[in-house]
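Shown next, in structure tokens, is the structure this report addresses.
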Number of protein chains: 2
Amino acid sequence: MSRGFAEDRPYISTLEAAKALGVSVSTIKRWVDVDILPAHRTAGGHRKLMRSEVLALARQGDLPREDLARLAVPIRKSDIDVKAVADALHRALLEGDVASSRAVVRCSYEAGLPIETLADEVIAPVMAKVGHGWETSQIDVWHEHRGTQVCTAALFELQTELERRAESERPLAIGAAPAGDLYILPSLLAQLVLLDAGWEAINLGGNTPLESLSKALRALRPRLVWLTISHLEDVEGFVSAYRDFHREADRQGAAVVVGGRALIEAVRARLPYSSFGDRLTHLGTFARTLHPRPKRPNRGRPRKV
Amino acid sequence: MSRGFAEDRPYISTLEAAKALGVSVSTIKRWVDVDILPAHRTAGGHRKLMRSEVLALARQGDLPREDLARLAVPIRKSDIDVKAVADALHRALLEGDVASSRAVVRCSYEAGLPIETLADEVIAPVMAKVGHGWETSQIDVWHEHRGTQVCTAALFELQTELERRAESERPLAIGAAPAGDLYILPSLLAQLVLLDAGWEAINLGGNTPLESLSKALRALRPRLVWLTISHLEDVEGFVSAYRDFHREADRQGAAVVVGGRALIEAVRARLPYSSFGDRLTHLGTFARTLHPRPKRPNRGRPRKV
DNA sequence: AACAATATGGTTGTTATGGACGTTTTGGTT
DNA sequence: AACCAAAACGTCCATAACAACCATATTGTT
């Protein structure tokens with residue numbers, strides 16, 4: 001049974017958007033007219049706003065954000081307690097509760113939690129805890145595997161939602177985890193962050209040789225490449241392959257962003273890159289710098305040019 | 001673009017158009033009546049809109065497009081051409097066309113293609129072709145990685161759909177791919193088949209040690225365990241670990257189904273199991289034997305979803 | 001602190017939209 | 001060929017979205 005999920009009605013009216021963002025209908029209409037909010041028109045002239053676009057605006061701007069819960073399934077209150085979300089997800093993942101895990105991820109996103117925060121403050125620590133519990137054998141490997149599966153499913157659901165908003169003119173980013181690195185969540189999260197920042201993001205997944213990534217670079221000519229490194233088997237091999245890869249990226253004019261918990265200082269010092277971030281928040285801000293979204297609502301008199 | 005798959009049905013109904021354009025059926029009817037949308041009429045007066053016309057208008061004008069993917073591929077059970085589906089998917093995967101790939105998978109399922117068939121006749125051969133193209137270097141590894149990602153996303157979308165229909169009293173099945181096997185699609189497909197057959201199915205994913213699977217067995221007490229084996233590094237180690245695992249499953253009264261392309265005759269001869277299948281159709285029929293679903297009286301026109 | 005510039009939010013009359021209704025067509029099954 | 005339920009039809013109408021306008025709130029500059 002689907003309870004009023006976004007899938008049922010991707011489009012909302014100006015009134016709904018107004019209520020969700022805590023501004024008047026007139027304002028919403030004006031924002032649409034000056035391209036702050038993208039919208040389609042019906043043949044009769046009614047504006048149709050995409051729900052996810054409104055949420056995206058709310059997430060990045062400092063808007064009143066009156067009642068985002070109206071747009072989505074409310075958690076409890078409109079204030080999101082990151083710690084509580086993490087706890088809820090941890091519990092759901094350990095119990096293998098697919099429905100709850102999905103709901104936690106989806107609801108916190110829809111309630112306005114930025115994907116970067118979701119990744120850095122919720123998913124990363126929770127998965128670390130699950131992994132740690134396995135190492136200290138309080139729980140078993142299969143718990144961790146089940147948790148990863150459930151988490152992956154939840155994130156792919158988000159991916160679907162984010163890709164629905166595809167605009168026409170998006171810059172391209174591609175990324176992966178290098179050969180020998182089998183963790184799939186970090187690169188998937190990076191993809192989600194970039195999609196949310198208005199990019200077209202192609203994730204090649206784990207265990208991708210850097211030589212292959214270079215070829216993809218030549219074929220697709222992206223403006224940004226990300227590399228999430230959670231596990232390094234052969235540091236020397238990686239560093240040498242990376243140098244070739246970075247030269248290629250440089251030649252193509254693509255920015256390179258690297259990150260991941262296996263990228264310790266000793267290794268990082270030997271690599272050239274455009275930006276490093278041990279947290280996806282960095283990737284998000286970097287991506288938004290490179291490709292700022294069109295406009296943001298102003299208040300009062302605009303600055304002089 | 002999915003040619004040879006959508007072109008057989010050039011006409012759509014008002015409801016389909018309404019869903020695709022994100023407006024109500026009443027509105028579509030009115031638009032046709034005032035010549036905003038061109039349409040033909042059946043003898044009985046039903047409007048038939050040409051798919052391409054609606055698409056063209058939606059793109060050229062500013063009409064909302066709720067889900068153009070829906071327009072891409074509505075088909076009927078009777079005329080699903082498995083070959084055409086496979087071709088469409090192959091093309092979409094090679095091009096990295098996320099939307100089309102998703103649409104092909106979702107629509108063939110919705111049109112009534114059994115998941116087993118989708119797995120055996122569409123996804124397996126297509127992914128084999130993509131993999132083969134890589135080995136013969138007509139395409140590169142990154143093509144194959146991108147294809148796998150896109151395919152995974154499409155399948156997780158199906159998973160969501162299947163779990164939404166979950167009944168309450170379902171027997172439990174768990175499964176995985178063994179240690180060293182990093183292919184994730186086969187086990188995911190097996191999970192989907194079991195979900196479709198009315199089971200609660202937990203997929204532990206690739207690279208799961210059999211010892212861990214045994215522990216999961218003891219903790220969850222499923223009625224069925226599946227094991228998809230696409231790659232075997234250490235045959236001897238696997239066989240010996242498997243024997244322990246099978247003994248445990250036997251003790252718990254769980255049926256064991258094994259399959260996968262790495263399970264060649266020489267290896268299989270040394271393993272005890274409840275059922276073997278190199279195709280997921282076998283898993284499906286076996287699961288339905290173990291847990292027959294109440295047969296629905298099929299009267300009148302079936303729902304088209 | 002006063003001013004200018006502009007964003008906001010409420011009005012107006014007008015009209016597109018979408019749900020409800022009972023009826024008819026349709027297409028698959030027996 | 002008869003049957004049947006899903007789906008489309010036409011009609012009606014309350015709701016809500018539109019454009020245009022104006023008073024007020026908010027903000028940067030003088």
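Chain identifiers are assigned alphabetically (A, B, ...) following the order of the sequence lines, protein sequences preceding nucleic acid strands; residue numbering begins at 1 within each chain.
At least one side-chain nitrogen or oxygen of A/R41 sits closer than 4.0 Å to the OP1 or OP2 atom of D/dA19. Neither OP1 nor OP2 of D/dA7 sits under 4.0 Å from any side-chain N or O of B/S13. Proximity of A/K48 to the phosphate of C/dG18: a side-chain N or O atom is located under 4.0 Å from OP1 or OP2. Within the 4.0 Å cut-off from OP1 or OP2 of C/dT17, at least one side-chain nitrogen or oxygen of A/T42 is found. One finds no side-chain N or O of B/S24 lying less than 4.0 angstrom from the OP1 or OP2 phosphate oxygen of C/dG19. Between B/S26 and C/dG19 there is no side-chain N or O to OP1 or OP2 distance below 4.0 Å. Within the 4.0 Å cut-off from OP1 or OP2 of C/dT17, at least one side-chain nitrogen or oxygen of B/W31 is found.
The side chain of B/L15 has D/dA8 as its nearest neighbour among C/dT17, C/dG18, D/dA8. In this structure, of D/dA8, C/dA16, C/dA7, it is C/dA7 that holds the atom nearest to the side chain of A/R30.
Between the side chain of B/R47 and the base of D/dG10 there is no donor-acceptor pair of N/O atoms closer than 3.5 Å. Scanning atom types as modelled, one donor and one acceptor separated by under 3.5 angstrom connect the side chain of A/K29 and the base of D/dA19.
The nearest whole Å value for the distance from the CD1 atom in A/I36 to the P atom in C/dA7 is 8 Å. Whole-Å rounding puts the B/D33 CG to D/dA8 P distance at 15 Å.
Counting heavy atoms from C-beta on, the side chains of A/R51 and A/Y11 never come closer than 4.5 Å.
Ion pair A/R102/B/E163 flagged as a salt bridge, since at least one NZ, NE, NH1 or NH2 atom sits closer than 4.0 Å to an Asp/Glu carboxylate oxygen. A salt bridge is absent between A/E200 and A/R223: the closest approach of a Lys/Arg side-chain nitrogen to an acidic carboxylate oxygen does not fall below 4.0 angstrom. Salt-bridge check for A/R279 with A/E121: passed, with a basic side-chain N closer than 4.0 Å to an acidic carboxylate O.
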